Participant: 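Following this message is one structure expressed as structure tokens.
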Amino acid sequence: MLGGGGLVAVNVYASATEDGWGQEASPVSGTATIDCPDVGAQLTTVPDEAREEVDNELALLDKQIAEAYQRLQDPAEAGNRDSSATDSEIMNPLKEDRAETIERIAAAIDQVGDRPEGLDQLAPCTLRESAEQPGDGSGGDDGAQPGQEQQGGGQDGGQQQGNGGQAGNGPVAADFADITAVQPNVQSPDPQDGASTGTFTTRCGVNANGLFNSDNVIVAPGVSNGAHHFHDYIGNQSNNAFASDDDLANAETTCEDQGDKSTYYWPVLRLQNGTQEQDANSPGGGIEGNAGEIVTAKDVTLTFVGNPRSEVTAMPRLLRIITGDAKAFVNGPANANASWSCTGFEDRQLKDKYPLCPQGSDVVRTFKFQSCWDGRNIDSANHRTHVAFAQADGSCGQGFTAIPQLVQRIVYDVDAPSLQDGGRTTPLFAVDSFPEQLHKPVTDHGDFINVFDENLMQEMADCINEGRECGAGQAEEPGGSDEPTENPGEQPTENPNDQPTSAPETPGDGQDDTAGNGGGNDQATQDPADTPGSVQPDDSANGSGSDSANDSANGSGNGSGGDEPRVLATSSPTQRADEPKAENTSEEIGDSYTTSTETPSTGDGTQNVAAPQGGLAETGANLWPAAAGAVLLICGFVLLRRTRRSGR
């Protein structure tokens with residue numbers, strides 16, 4: 001009886017704690033991250049003659065961090081490596097490599113201008129263990145309302161354990177928050193006399209043709225895999241690391257108005273369902289911790305809006321704008337600028353949490369780009385100083401002029417993940433990121449290059465200044481459209497969907513899930529660089545609703561998740577696919593978004609079986625020692641009873 005009972009107890013406990021079930025799983029190697037100073041952010045001025053060499057060296061710095069992080073994550077070595085070995089094998093070589101690269105950057109600038117001071121101090125990196133919180137934004141008040149948690153780039157650093165998410169480095173349950181528990185937090189300045197109140201909409205699809213790559217032609221031109229994560233591309237179809245201005249100008253475009261050849265791109269969103277995409281063993285993909293099924297957006301709305309204080313001037317051709325910070329988890333949230341919400345709740349915006357949306361509500365990802373331009377440059381050394389956010393009252397700072405503001409609204413038909421079982425029932429989702437950024441939502445970012453026809457760009461400015469609604473699907477005169485697009489600045493105040501009866505649990509969070517940003521300042525009118533350590537909420541763009549043409553062509557983009565990997569079309573000359581990816585429509589959201597026991601459907605009538613789901617057969621295979629123990633326990637009990645009876 002003792003032997004059988006012990007066998008049962010040991011086997012059941014082992015099974016309950018396996019793969020994140022029951023007890024908390026042991027911390028994976030992804031519980032630590034590498035915190036390196038951002039050299040590029042310090043280079044506010046770089047002579048044009050040195051720009052190409054400096055960009056190449058900055059891309060090399062990112063590559064060095066990624067390689068060091070891969071060594072840190074290597075399961076074959078991590079278990080046998082102590083802190084001194086980590087320093088000697090990873091951190092010290094990384095410091096030496098960075099020091100050499102930084103010296104080359106300083107020398108390149110010194111040859112044609114003034115040598116930058118202090119760059120050599122940026123070579124050392126810090127290994128952050130799970131209990132530490134890089135970039136927590138503690139240097140400033142982010143304006144969170146009473147009773148709500150503070151928003152910061154690294155608030156969840158201590159939570160990096162559990163299921164391990166994308167290749168072991170995120171996301172985790174603590175990266176999600178129930179949108180119904182967030183208080184409305186969106187405000188915007190009232191338009192003043194002379195405001196430009198019109199809107200211009202351009203429609204460029206949802207990347208139905210599957211154009212992806214891990215390049216970044218703005219930050220790392222001429223460097224393959226310069227982003228170290230995959231991007232969705234819509235609009236311009238020739239965007240890769242090697243695209244010249246002429247390539248962009250002569251490219252095909254997915255935009256309905258062929259006068260818009262601009263490029264719009266952002267990190268892909270992935271489901272953690274075990275699907276093997278074509279990039280599973282490639283740089284920028286699985287090799288760097290970006291794993292799982294790429295989700296195609298349900299709808300993408302691109303709206304250009306005006307300024308609440310003045311008219312806008314046309315954007316210069318080939319203007320480059322980056323909004324948000326891909327390294328915000330390490331750098332801190334000063335430049336973070338993406339917002340997350342749910343349809344029907346867009347007056348509530350999250351910065352460093354992914355939203356848990358109730359039944360019938362879709363995930364919404366919003367970018368509001370900088371809307372003030374220095375009047376001279378189409379780019380800058382750190383890709384930020386030539387543009388700025390408007391000030392708190394909506395006006396542009398001294399030396400800057402208002403330009404049309406791009407508001408990018410991306411909608412995804414994805415179910416809220418099941419947090420109790422680490423996403424095994426309904427998978428977690430997260431954006432691609434640099435490996436050391438742990439797929440935190442605060443690292444989300446968007447990129448834009450203006451390749452509008454100059455006449456069309458001027459028409460845009462005139463339309464916005466005159467208070468009209470123009471662009472693809474819009475009327476050319478006020479009141480001329482039967483279904484005008486809603487102004488992106490307007491926010492819903494009521495939830496059209498039924499509220500769930502209880503908020504989903506967030507195991508392991510230890511913090512209030514009411515993760516609203518509060519603050520009351522419009523992100524679009526507050527330059528993050530002016531408020532270090534703060535994260536201001538964005539206004540959310542309601543947009544014009546779903547593009548039926550895109551929806552019918554793409555469905556939800558949840559894919560089949562079967563044995564065959566989906567082919568990814570890329571803009572790299574060696575990777576571009578000839579065939580478009582297969583599209584499937586996902587099934588309707590289930591009755592419960594936290595306790596569903598159904599295997600996620602692929603939408604074509606088949607079940608997604610790529611990820612183990614802990615089924616009955618698997619359970620029986622794992623618990624056979626417990627069954628044998630139970631038999632021994634019963635036999636022992638029967639034998640004991642008979643012995644006692646015979647003794648009487």
Side-chain angles (χ1 to χ4, degrees), residues 36 38-40 46 50-71 94 97-98 100-101 104-105 108 166-167 207 209-248 250-252 263-268 270 277-291 294 318 320 322 326-327 379 381 383 431-437 443 445-449 565-578 581:
C36 297
D38 191 344
V39 177
V46 174
R51 182 74 62 84
E52 181 177 356
E53 183 175 354
V54 169
D55 284 341
N56 288 337
E57 297 296 349
L58 289 174
L60 180 58
L61 289 174
D62 287 335
K63 181 179 180 182
Q64 291 164 352
I65 298 172
E67 290 174 345
Y69 193 79
Q70 289 169 25
R71 291 195 295 272
L94 175 60
D97 290 343
R98 283 174 58 84
E100 294 175 1
T101 305
R104 290 195 296 270
I105 291 174
Q166 298 199 36
N207 196 22
N209 56 322
L211 179 60
F212 308 99
N213 63 46
S214 57
D215 299 344
N216 192 327
V217 71
I218 297 179
V219 175
V223 179
S224 182
N225 191 39
H228 296 272
H229 52 263
F230 263 54
H231 288 125
D232 266 312
Y233 290 89
I234 63 173
N236 199 290
Q237 295 295 283
S238 292
N239 190 332
N240 60 37
F242 308 97
S244 66
D245 290 347
D246 287 341
D247 292 333
L248 297 176
N250 295 320
E252 298 293 324
T263 178
Y264 309 85
Y265 59 104
W266 53 82
V268 298
R270 296 189 194 243
E277 294 281 14
Q278 189 186 26
D279 66 338
N281 298 308
S282 302
I287 287 180
E288 296 180 79
N290 295 305
I294 295 175
L318 298 172
R320 285 141 162 88
I322 297 174
K327 302 175 183 178
D379 199 3
H383 313 293
V431 295
D432 270 17
S433 75
F434 285 95
E436 75 280 1
Q437 302 297 315
T443 66
H445 55 283
D447 301 77
F448 166 70
I449 303 176
R566 181 173 59 163
V567 175
L568 304 182
T570 73
S571 60
S572 170
T574 60
Q575 288 185 299
R576 190 175 184 104
D578 294 326
K581 70 179 187 298

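Please read these numbers as outputs of a predicted model, since none were measured by experiment. As a basis for the values below, the full set of heavy atoms in this structure was taken, side chains included, without hydrogen atoms, waters or symmetry mates.
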Participant: What is the minimum heavy-atom distance between Pro267 and His445, and which atoms define it?
Facilitator: CD-O, 3.0 Å
Participant: So how far is it from Leu248 CG to Asn236 CG, rounded to the nearest 0.5 Å?
Facilitator: 5.0 Å
Participant: I need the Glu52 CD to Asp55 CG distance, nearest 0.5 Å.
Facilitator: 8.0 Å
Participant: Nearest 0.5 angstrom please: Asp447 CG to His383 NE2, how far?
Facilitator: 10.0 Å
Participant: Is the distance between the ring centroids of Phe212 and His231 under 6.0 Å?
Facilitator: no
Participant: Is a donor on one side and an acceptor on the other found under 3.5 Å between the side chain of Ser282 and the backbone of Gly285?
Facilitator: no
Participant: So does Gly284 get a backbone contact from the side chain of Glu288, meaning a donor-acceptor N/O pair under 3.5 Å?
Facilitator: yes
Participant: For a side chain to side chain contact (heavy atoms under 4.5 Å, CB included) with Val219, tell me which candidate from Val217, Asn216, Asp215 qualifies.
Facilitator: Asn216
Participant: Does atom CG (Asn281) have a neighbourhood of more than 12 heavy atoms from anything else shown, all under 6.0 Å?
Facilitator: no
Participant: Within the side chain of Arg320, is there an N or O that forms a donor-acceptor pair under 3.5 Å with the backbone of Leu318?
Facilitator: yes
Participant: Under a 3.5 Å distance rule, please check whether Asn290 uses its side chain to pair with a backbone N or O of Ser433 as donor and acceptor.
Facilitator: yes
Participant: Side chains of Gln237 and Asn209: donor-acceptor distance under 3.5 Å anywhere?
Facilitator: yes
Participant: Hey, what's the ring geometry for Tyr264 with Phe448, parallel, tilted or perpendicular (30° and 60° as the breaks)?
Facilitator: tilted
Participant: Over all heavy atoms of both residues, which pair between Val39 and Arg98 is shortest? Give the atoms and the distance, please.
Facilitator: CG2-NH2, 3.9 Å
Participant: Report yes or no: does Glu277 contribute a side-chain atom to a donor-acceptor pair with the main-chain N or O of Ile294 at less than 3.5 Å?
Facilitator: yes
Participant: Can a side-chain donor-acceptor contact be found between Gln64 and Thr101 if the only test is distance below 3.5 angstrom?
Facilitator: yes
Participant: Please report the C-alpha distance between Ile218 and Ile449 in whole Å, then the side-chain angles of each, then the deciding distance to 0.1 Å, and finally whether the side chain to side chain contact (heavy atoms under 4.5 Å, CB included) criterion is met.
Facilitator: CA-CA 8 Å; Ile218 297 179; Ile449 303 176; 3.8 Å; yes
Participant: Determine, for Asp97 against Arg104, whether the closest basic-nitrogen to carboxylate-oxygen distance falls under 4.0 angstrom.
Facilitator: no
Participant: Tell me the closest heavy-atom pair linking Ala220 and Ala241, and the distance in Å.
Facilitator: O-CB, 4.2 Å
Participant: Using only heavy-atom distances, determine whether the side chains of Asn213 and Asn240 contain a donor-acceptor pair under 3.5 Å.
Facilitator: no
Participant: Which heavy atom of Ala108 sits nearest a heavy atom of Ala50, and at what distance?
Facilitator: O-CB, 3.6 Å
Participant: Under a 4.0 Å N-O cut-off, is there an ion pair linking Lys327 with Asp62?
Facilitator: yes
Participant: Are side-chain N/O atoms of Asn239 and Thr263 paired as donor and acceptor at under 3.5 Å?
Facilitator: yes
Participant: Counting only N and O atoms by type, is there a donor-acceptor contact under 3.5 Å from the side chain of Asp432 to the main-chain atoms of Phe230?
Facilitator: yes
Participant: Compare every heavy atom of Leu58 with every heavy atom of Ile105, then report the nearest pair and how far apart it is.
Facilitator: CD1-CD2, 3.9 Å
Participant: For the OG atom of Ser238 and the CG atom of Asp247, what is their distance to the nearest 0.5 Å?
Facilitator: 6.5 Å
Participant: Identify the two heavy atoms, one from Pro221 and one from Asn56, that lie closest to each other, and give their separation to 0.1 Å.
Facilitator: O-OD1, 3.7 Å
Participant: I'd like to check Leu94 versus Cys36 (side-chain heavy atoms, cut-off strictly below 4.5 Å). Are they in contact?
Facilitator: yes
Participant: Yes or no on side chain to side chain contact (heavy atoms under 4.5 Å, CB included) for His229 and Phe434, after CA distance, side-chain angles and deciding distance?
Facilitator: CA-CA 6 Å; His229 52 263; Phe434 285 95; 3.7 Å; yes
